[in-house]
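Structure first, commentary second.
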Number of protein chains: 2
Amino acid sequence: MIPNNNSRKMFLEIVKQLRQLIHDENIPVGGKLPSERELAERLQVGRSTVREALRSLELLGIIETRRGEGTFLSDFRKHQLVELLSTFILQDSRSKKDVHTTMHALEKEAIRTICLTEQLQKQSIWDAFIDKLQEEMFQEDIIREIIIISNNRLGLKIWFLLKQFAGEPYRSLMNVKEKEAWKMLLGNLKVGNEQQAISNYNEWKLLMNRGEIK
Amino acid sequence: MIPNNNSRKMFLEIVKQLRQLIHDENIPVGGKLPSERELAERLQVGRSTVREALRSLELLGIIETRRGEGTFLSDFRKHQLVELLSTFILQDSRSKKDVHTTMHALEKEAIRTICLTEQLQKQSIWDAFIDKLQEEMFQEDIIREIIIISNNRLGLKIWFLLKQFAGEPYRSLMNVKEKEAWKMLLGNLKVGNEQQAISNYNEWKLLMNRGEIK
DNA sequence: AATTACAAAGTGGTCTGACCACTCATAGTT
DNA sequence: AACTATGAGTGGTCAGACCACTTTGTAATT
């Protein structure tokens, strides 16, 4: 008979199978998962093992549980866990720097993609953003919109993820210089001037860093 | 008496208290945590509750457990969480194009970082690579080395992950033109010429794509 | 005295069964 | 028709029991 002496961690196996199950049954975001008891029976493990896997995914913000109702697939953007992680994990400045560097890489790539793709430049949204610059506005929203428009869904998701780990790298309020940098950046984005746009981006980043040092 | 049947999730509370405990007792990376049974008694909860919290932290790569030995504070720079989340994320966006775009973003950022950091340019490894170009060599190895030297461990981790999903984007054999492009790229890398290096990179990428189309 | 072999204690891994607290649908009552 | 009570289903927690594994101490052997 096959020994059940798994050197592997069972609960990790369950995590894996849960992922498979979610995929196979095509459970949508917000959809309901089978109950813990049913999962235990279907996967042929104890309920406590199932729970360990579920609790892990819950801490990651992948699922959401409501007592008396059930377990639901969550929109992982909502997780509150990340602030926990930042206090737990990202005390290391090396890691923080890595997160920022990687985010910047994704942001720049989005700008490049947009500049090099004619259809993406014609979006009238750039003008709208330039107009909105006068009001109070979240810089983060602009960045996000840029990445969204660049149409790299994977990059966007990774960026979201990192943003959550990075804490608050983007201040919401802008001073005059920052607004000016944004205006130029958006303007160059509109006409597809890659070199200039990247240059503007770097300038803006410099302004941001100075602002943080203050 | 104080009712502890709060609507709050107990296991989240335990996670919080574990963090406190690790801080208070100043447990170093690699250090040993109290046993599950001891934690259960100290925190006045059941062992299974403690386990749910511990399993969550384990999935996040914050702790490491070894059967028969104990639970240890892990080197969380391993970023296991990113790996996990990525496998979840990549289910619904397996667009190869997105994967490639994101990989290129990371590669370019590595090149930029190296160009802008003097210490990284002095590595004699570039000359070694230029020499090796004559022989049969894996382009993938050069790229990887570039990212490693750029010292962004998170980026490297993500890059590795994406490479797995991307299949085989980098052919191992190089023709004359590709070798020439690499030679220039490495040369510019050595002296920190960012603009030219990125330009070389783009040229090389173009050559790669043509080769694939053939 | 040194080495080996074995037993015991300690630890994480898993399962079972039992409650509790909560939500919801529904049968029953007014 | 509106309201109420009930029970089924679900997650939350606990206690106790094994198992598999590692470490450690001790007794037996050399």
### Query
Within the modelled atom types, does a donor on one side and an acceptor on the other bring the side chain of Arg37(B) and the base of dG12(C) under 3.5 Å apart?
yes
## Note on the structure
Picking from dG11(D), dC15(C), dT14(C), the nucleotide nearest the side-chain atoms of Arg51(B) would be dT14(C)
### Task
Report the C-alpha separation of Glu109(B) and Thr101(A) in whole Å, then their side-chain angles, then the decisive distance to 0.1 Å, and conclude whether the side chain to side chain contact (heavy atoms under 4.5 Å, CB included) test is met.
CA-CA 8 Å; Glu109(B) 188 62 28; Thr101(A) 300; 3.8 Å; yes
### Message
Please tell me if Ser48(A) has a side-chain N or O lying less than 4.0 Å from either OP1 or OP2 of dG13(C).
### Response
no
### Query
Between atom CD in Glu52(B) and atom C1' in dG13(C), what is the gap in whole Å?
14 Å
### Message
I want to verify a distance call: between dA17(D), dG11(D), dC15(C), whose nearest atom is closest to the Arg47(B) side chain?
### Response
dA17(D)
### Query
Between dT14(C), dG13(C), dG12(D), which nucleotide has the shortest distance from any of its atoms to the side chain of Arg55(A)?
dG12(D)
### Task
Take atom CG of Leu43(B) and atom P of dA15(D), then tell me their distance rounded to the nearest Å.
13 Å
### Task
Whole angstrom is fine here: how far is it from CD in Glu58(A) over to C1' in dT10(D)?
14 Å
### Message
If the cut-off is 4.0 Å, is Thr65(A) near the phosphate of dT10(D), judged by side-chain N/O to OP1 or OP2?
### Response
no
### Query
Per the salt bridge (Lys or Arg N to Asp or Glu O under 4.0 Å) rule, which among Arg55(A), Arg67(A), Arg42(A) passes with Glu36(A)?
Arg55(A)
### Query
With nearest nucleotides of DNA chain D determined for Thr49(B) and Pro34(A) from heavy-atom distances, which residue corresponds to the more 5′ nucleotide?
Pro34(A)
### Task
Look at the rings of Trp204(A) and Trp182(A) and say which category their plane angle falls in: under 30° parallel, 30 to 60° tilted, over 60° perpendicular.
tilted
### Query
Separation of Leu39(A) atom CG from dG11(D) atom P, in whole Å?
8 Å
### Task
Please round to the nearest 0.5 Å and tell me the distance separating atom CG of Leu189(A) and atom CD1 of Ile198(A).
9.0 Å
### Nearest-0.5 Å distance, NZ of residue Lys179(A) to NZ of residue Lys183(A)
10.5 Å
#### Entry: Worked check of side-chain hydrogen bond (donor to acceptor under 3.5 Å, both in side chains) between Asn152(B) and Thr102(A)
CA-CA 8 Å; Asn152(B) 179 349; Thr102(A) 308; 3.0 Å; yes
### Task
Let me know the distance between CG of Leu54(A) and C1' of dG11(D), rounded to the nearest Å.
10 Å
#### Entry: CD (Glu38(B)) with more than 12 external heavy atoms under 6.0 Å
yes
### Side-chain N,O (Thr71(B)) to OP1/OP2 (dG12(C)) below 4.0 Å
yes
### Task
Among dT13(D), dT11(C), dG11(D), find the nucleotide with the atom closest to the side chain of Lys32(B).
dT11(C)
Protein-nucleotides 7-10 of chain C N/O pairs closer than 3.5 Å?
from    : atom 1 : to       : atom 2 : distance (Å)
dG10(C) : N2     : Gly68(B) : O      : 3.3

### Task
For Gly46(A) and for Arg66(B), locate the closest nucleotide of DNA chain C by heavy-atom distance; then report the residue assigned to the nucleotide nearer the 5' terminus.
Arg66(B)
### Message
In this structure, how many angstroms lie between the P atom of dG13(C) and the CG atom of Leu59(B), rounded?
### Response
13 Å
### Message
What is the distance, to the nearest angstrom, from the CG atom on Leu57(A) to the C1' atom on dG11(D)?
### Response
15 Å
## Note on the structure
Here the gap from Ile111(A) atom CD1 to Asn200(A) atom CG, rounded to the nearest 0.5 Å, amounts to 8.5 Å
### Query
Could you give the CD-to-P distance, from Glu13(B) to dT13(D), as a whole number of Å?
11 Å
